[in-house]
Q: 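So that we are looking at the same thing, I have put the structure below in C-alpha cells.
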Amino acid sequence: MSDVWTSAAVFETNLADLGRKRQGKVRDMYDLDDSLLLIASDRISAFDVVLPEGIPGKGYVLTQLSKFWFDRLWQEGGLVPHHLRTMNPEEFPESCRPHVDLLAGRSMIVEKADPLPVECIVRGYLSGSAWKEYRTQGTVCAQPLPAGLRESEKFPEPLFTPSTKATEGHDENISYDTMKDLIGEELAEQVRTVSITLYQRAAALAEERDIIIADTKFEFGLRRDTKQLLVIDELLTPDSSRFWPKQQYEPGKSQPSFDKQFVRDYLDSVGWDHIPPPPHLPDEVVAQTSAKYREALERFLNP
C-alpha cells in the first residue's frame, strides 16, 4: 500500500467489476450480494457538505480507528452485535483481490442491514451546536439544562440526543419521543441504552490514553433475516466524534481537538454560510487537519 499520508487517496473509486456502487459523503459502498464492501475515502464533509479538497490519510484513520473500537468495546459483552465481518483483504471475496493495494487499510466487509432512519448522538460535554443552543435557549436538543453551565463543561450524565438521518441537506435534531414514533418504543429504548453504554465504555478507555470524547454519533440497523439490532457504519472516529486532549482540558472555552472541528472553525472564520458550494481549503488547513487525524490514531493505538 502506498504512503497514505502523502496525498488524498480514493477520492473517487470506480471499481466497475465489483458491481453496483453507492456513494456517501465519505464512503463508497459496493454490493457484493451477501455483504457490502465499504471503502473510506479521504473526502471530508463539514456542515453536511462535501468539501473540494480531500485530507491525506483520513480514510485510513477512519477504518483503523473503527477496527480498534470494534475489537475493544465488545470484549466486555452485553452489547448487540456489530456489522463488521473482516478488514483483512486476504479474507475478502475473490472479486476484490485485483484491488487489494487500493483497499488495504481503508476498507471493510460488513453484513448487510436495514439502517434505522435516525442518528444516535451521545454528548458528555457542552460543546459545538449544543453550546450554541444552550447559550440562547438554555436547552440542548430541546432538553432543559440548569442555568450557569460553561462551554465545554461535563454533564453529570451523558445526554442522548437523536437526530434525523438526511439523505440530502442537514440532519435535524429530534426529541426522544419523536424517535419512538419513528422506530417504536421498544427499539428506541434499546438503541438509547446501547448508545450510552458504548459511549461510557469508549470514554473510559479514551481517558486512559489522555483523550476526552466530548460527544459521538452511532448508527444502527436491523439484520435482514432476524431483524436483530446491529451497530453499523464507522465507530468513534474523528469524523463522528469530538476528541480533546485531556491534559489541556479547561472548561469555560473551546478546546483543542483531534477531529474536523479545525476545518469547521476555518470555514466559519471565512464567513461561509454552510450552503453549497463550499470554499476551498488552503494547503496549510489540509496539512494540519491530516496531522490531527494521524495524531488521534496514534494516541489510541500507541498509548
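The structure displayed is predicted, hence computed values, not measured ones.
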Q: Looking just at side-chain N and O atoms, do Glu133 and Ser129 make a donor-acceptor pair shorter than 3.5 Å?
A: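 No, no side-chain donor-acceptor pair sits under 3.5 Å.
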Q: Return the CG to CG distance between Leu84 and Asp71, rounded to the nearest 0.5 Å.
A: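 If we round to the nearest 0.5 Å, Leu84:CG and Asp71:CG are 8.0 Å apart.
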Q: Within the 4.5 Å heavy-atom criterion, are Trp69 and Leu205 side-chain neighbours or not?
A: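 The answer is yes, as the side chains (C-beta and beyond) meet within the 4.5 Å cut-off.
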Q: Would you say the side chain of Trp74 lies within less than 4.5 Å of the side chain of Leu198, judging by non-hydrogen atoms?
A: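 With C-beta onward as the side chain, the pair touches.
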Q: Taking the side chain as every heavy atom from C-beta outward, state whether Pro89 and Cys96 have any pair of such atoms under 4.5 Å apart.
A: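 No, too far: nothing below the 4.5 Å cut-off.
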Q: Taking CD in Glu189 as the centre, count heavy atoms belonging to other residues, nucleotides or ligands within less than 6.0 Å. Is the count above 12?
A: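 Result for CD/Glu189: enclosed.
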Q: Are Val4 and Leu62 linked, directly or through intermediate hydrophobic residues, by side-chain heavy-atom contacts shorter than 4.5 Å (ILVMFWY only)?
A: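 Leu62 and Val4: one cluster.
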Q: If the test is side chain to side chain contact (heavy atoms under 4.5 Å, CB included), which one of Lys67, Glu234, Arg27, Met87 qualifies with Met108?
A: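 Of the listed residues Lys67, Glu234, Arg27, Met87, the side chain to side chain contact (heavy atoms under 4.5 Å, CB included) partner of Met108 is Met87.
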Q: With side chains defined as the heavy atoms from C-beta onward, is the minimum distance between Leu236 and Phe218 less than 4.5 Å?
A: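 Heavy-atom side-chain distance check passes, below 4.5 Å.
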Q: In Å, rounded to the nearest 0.5 Å, how long is the span from CD of Glu295 to CZ of Phe258?
A: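 These two atoms lie 4.0 Å from each other.
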Q: Counting distance only, does the side-chain N/O of Ser290 pair as donor-acceptor with the main-chain N or O of Val286 below 3.5 Å?
A: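 No, Ser290 side chain to Val286 backbone: no donor-acceptor pair under 3.5 Å.
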Q: Heavy-atom distance under 4.5 Å between the side chains of Ile55 and Lys260, does that happen here?
A: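 No - every pair of side-chain heavy atoms lies 4.5 Å or more apart.
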Q: Determine the interplanar angle of the Tyr249 and Trp244 rings, folded into 0 to 90°, and report it as parallel if under 30°, tilted if 30 to 60°, perpendicular if over 60°.
A: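 Judged by the thresholds at 30° and 60°, the geometry between Tyr249 and Trp244 is parallel.
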Q: Assess whether atom CD of Glu284 is packed by more than 12 heavy atoms of other residues, nucleotides or ligands within 6.0 Å.
A: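 Yes, the 6.0 Å shell around CD holds more than 12 heavy atoms from other groups.
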Q: Supply the atom-to-atom distance Ser152 OG to Lys253 NZ, rounded to the nearest 0.5 angstrom.
A: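 Between Ser152 OG and Lys253 NZ, I get 9.0 Å after rounding to 0.5 Å.
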Q: Tell me if the CG atom of Asp17 is crowded by more than 12 foreign heavy atoms within 6.0 Å.
A: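 Count over threshold, so yes.
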Q: Hey, is the main chain of Gly105 close enough, under 3.5 Å, to the side chain of Gln64 for a donor-acceptor pair?
A: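 Yes; at least one donor-acceptor contact below 3.5 Å.
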Q: Below 30° counts as parallel, above 60° as perpendicular, anything between as tilted: where do the rings of Phe47 and His274 land?
A: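 Because their plane-to-plane angle is under 30°, the rings of Phe47 and His274 count as parallel.
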Q: Do Glu151 and Ser254 have a side chain donor and acceptor closer than 3.5 Å?
A: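 Note: Glu151 and Ser254 side chains miss the donor-acceptor criterion.
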Q: Taking atom CZ of Arg20 and atom CG of Asp33, what is their separation to the nearest 0.5 Å?
A: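 Reported to 0.5 Å precision, the distance equals 9.0 Å.
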Q: For His83 and Lys112, indicate whether the former's side chain and the latter's backbone hold a donor-acceptor pair under 3.5 Å.
A: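 No, the answer is negative, given that no donor and acceptor are paired below the 3.5 Å cut-off.
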Q: Could you check if a side-chain atom of Thr237 sits within less than 4.5 angstrom of a side-chain atom of Ser240, using non-hydrogen atoms only?
A: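 They are in contact (side-chain heavy atoms under 4.5 Å apart), so the answer is yes.
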Q: Check whether Leu230 and Val194 end up in the same hydrophobic cluster, where Ile, Leu, Val, Met, Phe, Trp and Tyr are linked by side-chain heavy atoms less than 4.5 Å apart.
A: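 No, it is not one cluster - the side chains of Leu230 and Val194 are not joined through contacts under 4.5 Å.
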Q: Out of Arg224, Arg85, Arg223, His82, which one pairs with Glu111 under the side chain to side chain donor-acceptor pair (under 3.5 Å) rule?
A: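 Running side chain to side chain donor-acceptor pair (under 3.5 Å) over Arg224, Arg85, Arg223, His82 with Glu111 returns exactly one hit, Arg223.
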Q: Report yes if some heavy atom in the side chain of Arg242 is under 4.5 Å from a heavy atom in the side chain of Ser257; otherwise report no.
A: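 Arg242 vs Ser257: side chains apart.
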Q: Please tell me whether Leu297 and Tyr293 are part of a single hydrophobic cluster in this structure, the criterion being side-chain heavy atoms less than 4.5 Å apart.
A: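 Same cluster: Leu297 reaches Tyr293 through Ile, Leu, Val, Met, Phe, Trp or Tyr contacts under 4.5 Å.
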Q: Check step by step if salt bridge (Lys or Arg N to Asp or Glu O under 4.0 Å) holds for Lys217 and Asp239.
A: CA-CA 9 Å; Lys217 176 188 70 177; Asp239 265 19; over 6 Å; no
Q: How many angstroms lie between CZ in Phe70 and CG in Leu235, if you round to the nearest 0.5 Å?
A: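 Reported to 0.5 Å precision, the distance equals 5.0 Å.
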Q: Please report the closest heavy-atom contact between Leu18 and Ser95, naming both atoms and the distance.
A: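 The pair with the smallest heavy-atom distance is CD2-O, 3.2 Å.
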Q: Can you sort out the partners of Lys292 under side chain to side chain contact (heavy atoms under 4.5 Å, CB included), two or more places apart, ordered by chain and number?
A: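 Once residues adjacent in sequence are excluded, the partners of Lys292 under the side chain to side chain contact (heavy atoms under 4.5 Å, CB included) criterion are Phe262.
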Q: Which value, rounded to the nearest 0.5 Å, describes the distance between Leu37 atom CG and Lys21 atom NZ?
A: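 Leu37 CG to Lys21 NZ: 11.5 Å, rounded to 0.5 Å.
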Q: With no hydrogens and no angle check, is any side-chain donor or acceptor of Arg43 less than 3.5 Å from a backbone partner on Lys25?
A: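 Side chain of Arg43 to backbone of Lys25: a pair is present.
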Q: Are Phe68 and Tyr199 linked, directly or through other ILVMFWY residues, by side chains that come within less than 4.5 angstrom of each other?
A: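 Result: yes, single cluster for both.
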Q: If every non-hydrogen atom of Ala296 is compared with every non-hydrogen atom of Phe243, which pair is closest and at what distance?
A: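 Closest heavy-atom pair between Ala296 and Phe243: CB-CD1, 4.3 Å.
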Q: The test is side chain to side chain contact (heavy atoms under 4.5 Å, CB included); show your working for Leu182 and Ile174 and say whether it passes.
A: CA-CA 10 Å; Leu182 286 172; Ile174 58 175; 3.9 Å; yes
Q: Kindly give the heavy-atom pair with the smallest separation between Pro162 and Ser175, and that separation in Å.
A: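 Scanning both residues, the minimum pair turns out to be CG-O, 4.1 Å.
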Q: Would the distance check show the side chain of Gln143 and the main-chain N or O of Phe160 forming a donor-acceptor pair, the cut-off being under 3.5 Å?
A: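 Side chain of Gln143 to backbone of Phe160, a donor-acceptor pair under 3.5 Å: yes, one is there.
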Q: Between Pro238 and Asp259, which heavy-atom pair has the shortest distance, and what is it?
A: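 Here Pro238 and Asp259 meet closest at O-CB, 3.2 Å.
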Q: Taking the side chain as every heavy atom from C-beta outward, state whether Asp42 and Arg106 have any pair of such atoms under 4.5 Å apart.
A: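 In contact.
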